[in-house]
Amino acid sequence: MAAGSTSLWDWDYAFSIIPDLLKALLTTIEITVLGSAVAFVLGLVIAVVRRARIPVVDQVLWALVEVIRSTPLLVQIFFLFFVLPRFGLTLSAFVVGVTALGVHYATYTSEVYRAGIDAVPKGQWEAATALSLPRSRVWTGVILPQAIPRVLPALGNYAISMFKEVPLLLAIGVVEVVNAGRELGSETFRFTEPYTIAGVLFLVLSYPASMLVRRLERRAAVR
Amino acid sequence: MSDNLSRIVPVLLQGLPPTVIATVGGIVLTILLSVPAGLLLLSSRRWVRVLVRIYVEGFRGTSEVVQLFWIYFVLPVLIGFQLVPLWAGVLVLGLNHGAYGAEIVRGAVQSVPRAQYEGAIALSLSPAQRMRRVIFPQALVEMLPPMNNLFIQLLKSTAILALITVPEVTRQARDVLIPNYGDDTILIFGLVFLVYLVLAAILTALMRLAERIASRRVGRRPSRAARVAARAAGPGVSDRMAGI
Amino acid sequence: MITFDAVEKRFGDNVVLRELSFDVAPGEHVTLIGPSGSGKTTILRLLMTLEKVNSGTISVAGRYLSHMVKGDKLVPSDEKYCREVRMRIGMVFQQFNLFPNMTVRGNLIEAPTRVLGLSKDEANARAQDLLDLVGLGEKIDAHPTQLSGGQQQRVAIARALAMRPDVLLLDEVTSALDPELVAGVLKLLRDIGESTDITILCVTHEMGFARDFSDRVMMFDGGRVIEDAPPEKIFSDPDHRRTQDFLQAVLNH
Ligand SMILES: Nc1ncnc2c1ncn2[C@@H]1O[C@H](COP(=O)(O)OP(=O)(O)OP(=O)(O)O)[C@@H](O)[C@H]1O
Ligand SMILES: [Mg+2]
């Protein structure tokens, strides 16, 4: 084995750890997908509820969003991890991770949805009202179908951004890519290969993804 | 609980200096990197643009935690000496956010109307004078609201320095307070949130002041719309300045 | 003072100027007229080095502008050379293009101090004189955004004059102004035309102004000069049908 090898880069070792890193990458992707789903749905709920401007509810939501947006995700991860068990709710690190990421990013996506909803011309609301459509139908039939396509690129960017923040979950023991690299490295005392490969994996996935989003964005812009 | 409060607060406050140093250091480095990088992204020389692109996409495309671990654990092997954790952290914060900042600077400079360049050319100003005296001051107004967002992101990112043993606020809470004051978890987290909220509020107040000064210099009022747009624009980086 | 020699300018496939040649004598006031898209602005922009020629040469005061002499060859001019020749030329734009990040004073002293190397005092004195000339002496510390369009344009004229150019280019300087502000700016230009020996090239749709301001009027169409004559001749007895039609259209609008 490569342990103790003094060369800067050991190809044999690098190849030997790739399968384990890929498996951890899969976990990372899984968390991203689930976390994004939470963020996309919860963000929309927050945006729609906040638009109703219900007294108290609105202020509470506003405060929650501001607190979550302005404080570190890592602290929020620790918060869920240490505080929930005190209320008898012991969740796995994986679930804590998905929840923390999802809720944190929901505060971002809610702003995105809000901007998208605001961008729907006022005339659309008025036309829908003139047709006496019920409130729920105005949302699902008129406003959201116009707002959501506009916000897709921004949501995509947040999903990519979340993907890159999954490694924070190593702090509560989730075996995502960086944590897998750390475990591999501490067996052999070689960290160059695991961390470098981890970086490359992130780049290889997120760069093309953001190119794709940029193209979507351009298409949305010409429309 | 109330008697623990007097013990908890000092421990947390011990974490304040590293958090503040990391934030300020990271912001300074971010500015030092993003301004030249943003301008070089507009260079007429292709190889210059390609080189800066590699920096920008490299840091935006990889995870900040990976960058932190790479610089803290791998770089010392290559350069032969260990970095002080706090400075390794500042380096990563600056390099990472500088890459995002470069796009903000580029977009802001591009948003200055062409007519302003032409006015400056007609007065025979040199390319450097055009940029420094005419274009950049106007671009500055455009870049401050998104920069405010970026700096808040950076402040929040300082928490990851906990992962490389920097005794900043988050690590003080996680490693010193939680194990010792297990019954006061909620109080501890409440205080931690409060610290970050206050720091974010101070940062935003300073940036608003800068916005007001910069706007006044170009005879405008700071625009609320620009701030809202910057918030909604998100991490991505659109060719236009702000998202939707 | 100005020489265009067989200048061709294209934007993609769109040939805007073909084989264009003309001369302007020192101190002459020449007005360019012609239908929209005939290339009038392009000519001024070429002189201001905001555009590059595709072929042919342009010179100002006996020096090449579009090209520079390198050894015994003529090569397209580079930025450094352009800047040298450019200093003799000033331009006033339709949309003023004042710098919003500077006061009126800043706009006026910026180039004189940084390009011509004048001291702050000299530049300030010059700025004050010029602002008095354009009737805005008390606005020196105002901000461009606090001025009306007509005032902004007068500041822009003063800014161009502050460089003491040999050649002044005016591109529809009154087109963006409210009608009641036009007369004041035109009067200012007449005064400048009379009291200085600056060579002036001017594009305008104000035919009354063109008539009494210019020594010569050039009518453009299809990338060429189709008529080049003193204003009395062009406005009362044009040779070309196109010129007649154009003037009819402009005067009756
Ligand atoms: N930057 C450019 N790119 C492409 N085409 C251009 C550009 N600038 C000018 N043109 C084209 O060149 C032609 C001449 O334009 P120019 O602005 O010189 O006309 P003009 O005589 O000043 O017209 P107007 O009276 O409307 O101001 C037009 O067909 C215009 O579309
Ligand atoms: Mg024109």
Side-chain angles (χ1 to χ4, degrees), chain A residues 8 66-67 69-76 78-79 82-83 86 108-109 111-112 114-116 118-119 150-151 153-158 160-161 163-168 170-171 177-178 181-182 185 190-192 195-196 198-207 210 213-214 217-218 220-221, chain B residues 57-58 60-78 152 155-163 169-170 173-174 178 182-183 185-186 188-190 192-201 203-204 228-229 231-240 242-244:
Chain A
L8 285 181
E66 284 308 308
V67 171
R69 281 181 69 97
S70 318
T71 55
L73 177 55
L74 184 60
V75 176
Q76 291 158 23
F78 283 142
F79 176 80
F82 290 107
V83 171
R86 296 184 51 82
Y108 299 147
T109 58
E111 303 265 348
V112 171
R114 187 179 62 157
D118 285 350
R150 272 180 243 251
V151 303
L155 294 185
N157 278 328
Y158 277 122
I160 296 167
S161 178
F163 172 59
K164 290 176 289 188
E165 289 210 90
V166 173
L168 289 177
L170 68 82
V177 181
V178 181
R182 181 164 71 172
R190 288 194 65 91
F191 290 97
T192 311
Y195 289 154
T196 306
V200 171
L201 288 178
F202 276 104
L203 193 62
V204 161
L205 282 180
S206 71
Y207 183 68
S210 54
V213 170
R214 224 174 281 189
E217 205 167 41
R218 256 187 226 127
Chain B
E57 300 301 342
R60 291 195 322 177
T62 55
S63 169
E64 203 173 9
V65 175
V66 178
Q67 290 156 23
L68 185 70
F69 280 21
W70 205 91
I71 285 190
Y72 189 62
F73 295 111
V74 177
L75 193 62
V77 180
L78 305 182
I152 299 284
L155 162 66
K156 295 193 289 172
S157 282
T158 59
I160 68 172
L161 304 204
L163 303 175
V169 173
T170 304
R174 165 70 185 84
I178 302 275
D183 290 340
T185 330
I186 295 180
I188 294 167
F189 278 106
V192 173
F193 284 132
L194 191 65
V195 168
Y196 284 106
L197 280 175
V198 169
L199 291 177
L203 201 50
T204 299
V228 173
R231 267 178 77 127
V237 190
S238 31
D239 298 322
R240 292 150 294 134
I244 307 286

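Lettering follows sequence order; numbering is per chain, from 1.
Proximity to chain B is limited to the side chain of A/V178, based on heavy atoms less than 4.5 angstrom apart. Looking at A/F82, the atoms closer than 4.5 Å to chain B (heavy atoms on both sides) sit in the backbone and in the side chain alike. B/I160 touches chain A through backbone and side chain together, each having a heavy atom under 4.5 Å away. Heavy atoms of A/T196 lying under 4.5 Å from chain B belong to its backbone as well as its side chain. Only the side chain of A/L170 comes within less than 4.5 Å of a heavy atom in chain B; its backbone stays farther off.
Between the A/K164 side chain and the B/R60 main chain, a donor and an acceptor come within less than 3.5 Å of each other. The closest donor-acceptor contact from the side chain of A/S206 to the backbone of B/G61 lies under 3.5 Å.
Here the straight-line distance linking atom CD1 of B/I71 with atom OH of A/Y195 works out to 13.5 Å at 0.5 Å rounding. Expressed to the nearest 0.5 Å, how far CG of A/L205 lies from OG1 of B/T62 amounts to 12.5 Å. In this structure, CG in B/L194 is found 11.0 Å from OG1 in A/T71, a value given to the nearest 0.5 Å. With rounding to the nearest 0.5 Å, the separation of OG in B/S157 from CG in A/L168 is 8.0 Å. Here the CG atom belonging to B/L199 is positioned 11.0 Å from the OG atom belonging to A/S70, to the nearest 0.5 angstrom. Atom CZ of A/R86 is separated from atom CD1 of B/I186 by 6.0 Å, given to the nearest 0.5 angstrom.
When B/A162, B/G182, B/G58, B/A201 are compared by the number of non-hydrogen pairs under 4.5 Å with chain A, B/G182 comes out ahead. Listed options A/R182, A/E165, A/R114, A/E111 were ranked by heavy-atom pairs under 4.5 angstrom with chain B; first place goes to A/E111. Listed options B/V195, B/D183, B/V77, B/I178 were ranked by heavy-atom pairs under 4.5 angstrom with chain A; first place goes to B/D183.
Listed by chain and residue number, A/V83, B/F189, B/F193 satisfy the side-chain contact (heavy atoms from CB on, under 4.5 Å) test with A/F79 (two or more places apart in sequence, or in another chain).
Of all non-hydrogen atoms in B/V65 and A/P167, the two that sit nearest each other are CB-CB, 3.8 Å.
Within the 4.5 Å cutoff, the side chain of B/I188 has no heavy atoms near those of the A/F78 side chain.
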